[in-house]
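Here's the structure, in structure tokens; my notes come after.
Hydrogens, waters and symmetry mates are skipped; everything else that's a heavy atom, side chains included, is used. Lettering of chains follows the sequences in order, A, B, ..., and the numbering in each one begins at 1.
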Amino acid sequence: KQEVTQIPAALSVPEGENLVLNCSFTDSAIYNLQWFRQDPGKGLTSLLLIQSSQREQTSGRLNASLDKSSGRSTLYIAASQPGDSATYLCAVKAAGNQFYFGTGTSLTVIP
Amino acid sequence: NAGVTQTPKFQVLKTGQSMTLQCAQDMNHNSMYWYRQDPGMGLRLIYYSASEGTTDKGEVPNGYNVSRLNKREFSLRLESAAPSQTSVYFCASSAWDSNTEAFFGQGTRLTVV
């Protein structure tokens, strides 16, 4: 069974710092990997989608990488801002159109 | 474009009561999902529907039933609510295409007292 792990569970950084969130998965047979943002009491907002054939995707200050063979993805956030404070989740899409989620990293950016 | 719409947003039930959570998507997606999210547990799949007319159990199906009414709608029913079903419930949808992403509703916060 696919297992997705996110480390650390929580992260606190000062404003302006660059940071990396990690996501690992046990089965490399995935179709894509998706990073989400979740604000307290809200739903999941998709940030970036990386296809299994891709190595990275960028959107503004966000850059996500994928190394399928080692079962790892990272989300890089440049010049963090207090508004980036949220929980970030990764999910892989696998056979049967199934999604497997990590438990998330709770990010706090301190002004 | 509404995306995935869930109703209600909040609900309080007494133990033993029943209710149905509604979900509709307007993206012509084949697959729809129901998840529950609990602190420290992440998102856990309750049921999913790979395509219209099919439903399958996920990781935590006990105490729930689902109906894929048509391609747009996928409902989740609690027949006899229990306090252990207090959670936030999310509906999601995705196209069958392996290259596409999942889209989520805004969630239903359910409290069973």
Under a 4.5 Å cut-off applied to non-hydrogen side-chain atoms, are B/E101 and A/K93 in contact?
->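 Not touching, per the 4.5 Å side-chain cut-off.
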
Do the side chains of [X] and [Y] join up, straight or via other hydrophobic residues, at under 4.5 Å, putting them in one cluster?
X      : Y     : value
B/Y48  : B/L78 : no
B/L13  : B/V88 : no
B/Y89  : B/V66 : yes
A/F101 : B/F90 : yes
A/L33  : A/L89 : no

If you draw a 6.0 Å radius around CZ in B/R72, do more than 12 non-hydrogen atoms from other residues or ligands fall strictly inside?
->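 Counting other residues, nucleotides and ligands, CZ of B/R72 exceeds 12 neighbours.
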
Within 6.0 angstrom of A/R55 CZ, more than 12 heavy atoms from elsewhere |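 No.
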
Using modelled atom types only, decide if a donor and an acceptor are shared between the side chain of A/N97 and the backbone of B/S31 within a distance under 3.5 Å.
->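 Not confirmed, A/N97 side chain does not pair with B/S31 backbone.
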
Could you tell me whether a side-chain N or O of B/Q106 sits under 3.5 Å from a main-chain N or O of A/K42, the two making a donor and an acceptor?
->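 Checking the backbone N and O of A/K42 against the side chain of B/Q106, no donor-acceptor pair under 3.5 Å is found.
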
What part of A/Q6 is in contact with chain B, defined as an atom under 4.5 angstrom from a non-hydrogen atom: side chain, backbone, both or neither?
->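 Neither part, no heavy atoms under 4.5 Å.
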
What residue, out of B/G107, B/A102, B/G42, B/G58, has the most heavy-atom pairs lying under 4.5 Å from chain A?
->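 Ranked by contacts with chain A, first place is B/A102.
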
Heavy-atom pairs under 4.5 Å with chain A are the metric here; pick the option from B/A50, B/A92, B/S94 that has the most.
->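 Most heavy-atom pairs within the cutoff with chain A belong to B/S94.
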
Using heavy-atom distances under 4.5 Å, tell me whether [X] contacts chain A through its side chain, its backbone, both, or neither.
X      : result
B/F103 : neither
B/R109 : side chain
B/E59  : side chain

From [X] [atom1] over to [Y] [atom2], what is the distance, rounded to the nearest 0.5 angstrom?
X      : Y      : atom1 : atom2 : value
A/L49  : B/T100 : CG    : OG1   : 8.0 Å
B/Q37  : A/T87  : CD    : OG1   : 8.0 Å
B/F104 : A/Q38  : CZ    : CD    : 9.0 Å

Could you check which of A/F99, A/Y31, A/Y100 has the highest count of heavy-atom pairs closer than 4.5 Å to chain B?
->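 Heavy-atom pairs under 4.5 Å are most numerous for A/F99.
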
